[in-house]
Amino acid sequence: MAKYEPGQLPSREEVMNFIRTFPGGKVTKRDIARAFGVKGPDKVFLKKLIRELTDDGMLTKDVGQSLRPADRLPGVQVVEFAGLTNEGDAVVKPVNFEGEGKPPRIFLSAKKGKKPGPAMGPGDRALVRLTCVKDEPPVYRASVLKILKPAPASIMGVFHGGPNGGRIHPTDKKNRDEYWVDQGDVNGAVEGELVLAEPVPSRKHMGAKRVRVKERLGDVSDARSISMIAIHSLDIPYEFPEDAIREAEKAKPVTLGNRTDLRDIPLITIDPSDARDHDDAIWAEADDNPDNPGGWHAIVAIADVAHYVKTDNALDREALKRGNSCYFPDRVVPMLPEALSAGLCSLMPGEERACMAVHIWFNKDGQKIRHKFVRGLMKSAANVSYERAQAALDACRTN
């Protein structure tokens, strides 16, 4: 760029072109003055020119007095994941876009020779630095500065009441916020009670964030409350979406059909005495095959969950999210809704249930000879507690 000569101030077009092409997109009046060699009293005229461009809506001032074209996004922006292109590149969009029409395209991709930033997926937000790579239509490249934690949909904490409402101190030690509950949103909560709250819209940007109590969980020292604190702090999903519940409740018992009939075999389940879901059963007898003297024939059966949970249905998606059932001293957070976990997929005594079973034959030394898998229909003969099963084994050893 040619240096400024005394008496020759840059034109409006030259200033706008400089700002558009400035590396990093963050330009100050000092940068413009230095680039065009504007010194001394002529800085007054440069200041006036910039003010005119701003008044005409061609320039916008950002934090720190930096300048950018009004049709450009700020250099640092909070964005959210918007999807993938056909080529597999991640696309993001501004969280607060104030322009007209659709927001410009922003690609989340690293510069050549640079390592890619943290990955983003559905629901993710991030603070990014933007680089404009094309003006018409505007296209940007974003590099992630920081992945932002989404605002919690619910807050668990201890309620402390007051004359005008109360405050909630979160049980999550990483959450240092304090939440205010208006009198009309207390929902009967009392001093020292564990509660579950949800954010409420508020125009007040100062002070504690506002929430409403949606569920009272009881004394914070109670065992049930301790389990709920663990569930919430570890972000374990304990409520099922409506579509998963509907699919579970529509499920019907199976008939024999092409299944192997195991209903006359006295398979038993062995579980804690207070268990509600029984998902595996066992049975064994001495092998009557003369070629296997002293050997054994055993059957292990499990509930045929795949009969009810089809690929990518609501139940499958929710089970994938959970991964397993979680057991606590006072409750179970199941992988499947209760209609299945404690119903059709639970091998209840005396109830016909779909199962997957394996026959295993062992020799007298406990080495497996062969096995066979079947899809069956069984009827559990009994549910036996661990204590009763151990006592029976001990009695066998004694005799």
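The shown structure was predicted, so the numbers you read here are calculated from the model rather than taken from an experiment.
- When the side chain to side chain contact (heavy atoms under 4.5 Å, CB included) test is applied to D182, the partners found at least two apart in sequence or on another chain are W180, D185, R210.
- Here H297 and W283 bring their ring centres to under 6.0 angstrom of each other.
- At distances below 3.5 Å, not a single donor-acceptor pair connects side-chain atoms of E193 with backbone N or O atoms of F159.
- Taking the side chain as every heavy atom from C-beta outward, V92 and V128 never approach each other to under 4.5 Å.
- Atoms CD1 and CG, on I369 and D291 in that order, are 9.0 Å from each other to the nearest 0.5 Å.
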> Checking salt bridge (charged side-chain N to carboxylate O under 4.0 Å, His left out) for the pair K250/E247: CA distance, chi angles, key distance, verdict?
Replying inline: CA-CA 5 Å; K250 285 193 302 183; E247 285 187 4; over 6 Å; no
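- Under the ring pair (Phe, Tyr, Trp, His ring centres under 6.0 Å) criterion, H278 pairs with no residue at all, not counting sequence neighbours.
- For the residue pair T269 and N383, a side-chain donor N or O sits within less than 3.5 Å of a side-chain acceptor on the partner.
- For D365, the salt bridge (charged side-chain N to carboxylate O under 4.0 Å, His left out) criterion is met by no residue, not counting sequence neighbours.
- Looking at R263, its side chain never comes within 3.5 Å of a backbone N or O of M378 through a donor-acceptor pair.
- Judged as a side-chain hydrogen bond (donor to acceptor under 3.5 Å, both in side chains), and not counting sequence neighbours, K93 has no contacts.
- Under the 4.5 Å side-chain criterion, counting only non-hydrogen atoms from C-beta, C345 is not in contact with D279.
- Residues V220 and I229 are in side-chain contact: their nearest non-hydrogen atoms beyond the backbone lie under 4.5 Å apart.
- Side chains of S346 and M348 form a contact here, defined as non-hydrogen atoms less than 4.5 Å apart.
- In this view, W296 satisfies the ring pair (Phe, Tyr, Trp, His ring centres under 6.0 Å) rule with no residue, not counting sequence neighbours.
- Residues that satisfy the salt bridge (charged side-chain N to carboxylate O under 4.0 Å, His left out) test with K310, not counting sequence neighbours, are absent from this structure.
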>> Please evaluate residues E215 and V195 with respect to the criterion side chain to side chain contact (heavy atoms under 4.5 Å, CB included), reporting the C-alpha separation (whole Å), side-chain torsions for both, the decisive distance (0.1 Å), and the verdict.
In response: CA-CA 6 Å; E215 188 176 352; V195 299; over 6 Å; no
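- Between D280 and I302, the closest heavy-atom pair is CB-CG2, 4.0 Å.
- Applying the under-4.5 Å side-chain rule to Ile, Leu, Val, Met, Phe, Trp and Tyr, the cluster around V305 extends to V254, L256, Y308, V309, L315, L336, L340, L344, L377.
- Among residues at least two apart or in separate chains, there is no ring-ring contact (aromatic ring centres under 6.0 Å, His included) pair with a member in residues 216-254.
- For R224 against R331, the heavy-atom pair with the smallest separation is O-NH2, 3.1 Å.
- Using a cut-off of 4.0 Å between Lys/Arg side-chain N and Asp/Glu carboxylate O, R246 and D243 are scored as not salt-bridged.
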> Should H307 and R259 be marked as a side chain to side chain contact (heavy atoms under 4.5 Å, CB included) after you check the CA-CA gap, both sets of side-chain angles, and the distance that decides it?
Replying inline: CA-CA 12 Å; H307 176 77; R259 292 177 176 270; 3.6 Å; yes
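- Within the 3.5 Å criterion, the main-chain N or O of W361 finds no donor-acceptor partner in the side chain of R370.
- Summarising the geometry, atom CD1 belonging to I226 is positioned 9.0 Å from atom CG belonging to D219; distances are rounded to the nearest 0.5 Å.
- Hydrophobic cluster membership of F373, counting Ile, Leu, Val, Met, Phe, Trp and Tyr whose side-chain heavy atoms lie under 4.5 Å apart directly or via other members: I268, I270, I282, V300, V358, I360, F362, V384, Y386.
- Scored by the side chain to side chain contact (heavy atoms under 4.5 Å, CB included) test, S225 finds L194, D222 as partners (sequence neighbours excluded).
- At least one side-chain heavy atom of F328 sits under 4.5 Å from a side-chain heavy atom of I236.
- Summarising the local packing, CD of E352 is surrounded by more than 12 heavy atoms from other residues, nucleotides or ligands at distances under 6.0 Å.
- At least one side-chain heavy atom of V333 sits under 4.5 Å from a side-chain heavy atom of R322.
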>> Go through it in stages, so that I can follow the logic: the residues are R105 and V91, the test is side chain to side chain contact (heavy atoms under 4.5 Å, CB included), and I'd like the CA-CA distance, side-chain angles, deciding distance and then a yes or no.
In response: CA-CA 7 Å; R105 301 201 80 185; V91 180; 4.1 Å; yes
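- A distance of 9.5 Å separates CG in L320 from CG in D312, rounded to the nearest 0.5 Å.
- Expressed to the nearest 0.5 Å, how far CD1 of I265 lies from CD1 of I299 amounts to 3.5 Å.
- What you find for Q183 and G165 is that their closest heavy atoms are OE1-N, 3.2 Å.
- Placement of F81 and V144 within a single hydrophobic cluster is found when ILVMFWY residues are connected by side-chain heavy-atom separations under 4.5 Å, directly or transitively.
- Aromatic ring pairs are classed by plane angle as parallel below 30°, tilted from 30° to 60° and perpendicular above 60°; the pair H160 and H169 is tilted.
- To the nearest 0.5 Å, atom CG of residue D304 and atom CZ of residue R375 are 4.5 Å apart.
- Counting heavy atoms from C-beta outward, P241 and E318 have side chains that approach closer than 4.5 Å.
- A pairwise comparison of heavy atoms in P94 and I106 identifies CD-CD1, 3.9 Å as the closest pair.
- Remark: K214 NZ is packed, more than 12 non-hydrogen atoms of other residues, nucleotides or ligands lying under 6.0 Å away.
- With sequence neighbours excluded, the residues satisfying salt bridge (charged side-chain N to carboxylate O under 4.0 Å, His left out) with E198 are R212.
- Nearest heavy-atom pair, S341 versus P334, reported as atom, atom and distance to 0.1 Å: OG-CB, 3.8 Å.
- For R388, the salt bridge (charged side-chain N to carboxylate O under 4.0 Å, His left out) criterion is met by no residue, not counting sequence neighbours.
- Tracing side-chain contacts under 4.5 Å through hydrophobic residues (I, L, V, M, F, W, Y), one never reaches M335 starting from I245; they form parts of separate clusters.
- In terms of heavy atoms, S325 sits closest to V332 at CB-CG1, 4.3 Å.
- At a threshold of 4.5 Å between side-chain heavy atoms, the hydrophobic network of Ile, Leu, Val, Met, Phe, Trp and Tyr places M356 and L262 in two separate groups.
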